[in-house]
Amino acid sequence: MSTSLNYKSFSKEQQTMDNLEKQLICPICLEMFTKPVVILPCQHNLCRKCASDIFQASNPYLPTRGGTTVASGGRFRCPSCRHEVVLDRHGVYGLQRNLLVENIIDIYKQESTR
Ligand SMILES: [Zn+2]
Ligand SMILES: [Zn+2]
């Protein structure tokens, strides 16, 4: 059992916000998700840009045009749980947007700048 020494000095509200913030951090860029956020089949989230980055890194043979992968399908592993994500010809644009997470980030940012 190793909890940080500062742990107890956080208020309950602060802990909640910290935990919430962790849920909103992209495992790729380690920043809060940038819109638009995509949801993977395993329910993990990624910035679309980051999803596109690892998708291209995992599929280097795919032709690109102007830095954008020409849609032709492919696969990559979820950086959070290693679940294999198979994309159709729409690539990362075929992934569903997570509007809930986008809205939470909006609210969170408004709260933290107040
Ligand atoms: Zn990201
Ligand atoms: Zn996952």
Side-chain angles (χ1 to χ4, degrees):
M1 191 68 181
S2 62
T3 42
S4 131
L5 288 173
N6 298 324
Y7 188 72
K8 279 182 184 141
S9 65
F10 283 119
S11 70
K12 183 118 187 170
E13 191 182 353
Q14 182 66 48
Q15 283 179 40
T16 308
M17 290 306 270
D18 278 2
N19 286 334
L20 178 61
E21 192 171 337
K22 282 198 195 92
Q23 305 303 310
L24 303 177
I25 300 296
C26 170
I28 301 296
C29 60
L30 304 178
E31 306 266 348
M32 213 173 273
F33 290 117
T34 321
K35 283 185 182 183
V37 178
V38 293
I39 185 161
L40 301 178
C42 56
Q43 310 300 311
H44 286 114
N45 298 291
L46 291 175
C47 319
R48 180 172 283 160
K49 185 193 169 301
C50 295
S52 178
D53 282 353
I54 54 169
F55 177 62
Q56 283 182 38
S58 310
N59 300 273
Y61 53 86
L62 288 180
T64 57
R65 189 171 53 211
T68 315
T69 304
V70 175
S72 56
R75 56 188 65 199
F76 65 89
R77 282 188 185 276
C78 169
S80 299
C81 68
R82 314 305 295 167
H83 180 91
E84 191 172 60
V85 180
V86 180
L87 299 180
D88 63 15
R89 61 192 177 81
H90 299 294
V92 295
Y93 292 92
L95 291 168
Q96 224 175 358
R97 274 179 74 171
N98 195 335
L99 293 172
L100 176 64
V101 167
E102 290 181 22
N103 290 338
I104 291 172
I105 288 172
D106 268 358
I107 294 163
Y108 186 87
K109 283 185 174 168
Q110 279 169 25
E111 286 291 318
S112 61
T113 53
R114 228 177 17 201

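Please read all numbers here as calculations on a predicted model, not as lab measurements. Order of appearance sets the numbers: ligands from 1, and atoms from 1 within every ligand.
The salt bridge (Lys or Arg N to Asp or Glu O under 4.0 Å) test with Glu102 singles out one residue from Arg48, Lys109, Arg97, and that residue is Arg97. Results of the side-chain contact (heavy atoms from CB on, under 4.5 Å) test with Ile39 over Asn45, Leu46, Leu95 single out Asn45 as the only residue that passes.
With the Zn ion (ligand 2) as the vertex, atom SG of Cys81 and atom SG of Cys78 span an angle of 110° (nearest 10 degrees). The angle Cys26:SG - the Zn ion (ligand 1) - Cys29:SG amounts to 100°, with values rounded to 10 degrees.
Atom ND1 is the N/O/S atom of His44 found closest to the Zn ion (ligand 2).
Note that CD1 of Ile105 and CD1 of Ile25 are 8.0 Å apart. Values are rounded to the nearest 0.5 Å.
Using a cut-off of 4.0 Å between Lys/Arg side-chain N and Asp/Glu carboxylate O, Asp53 and Lys49 are scored as salt-bridged.
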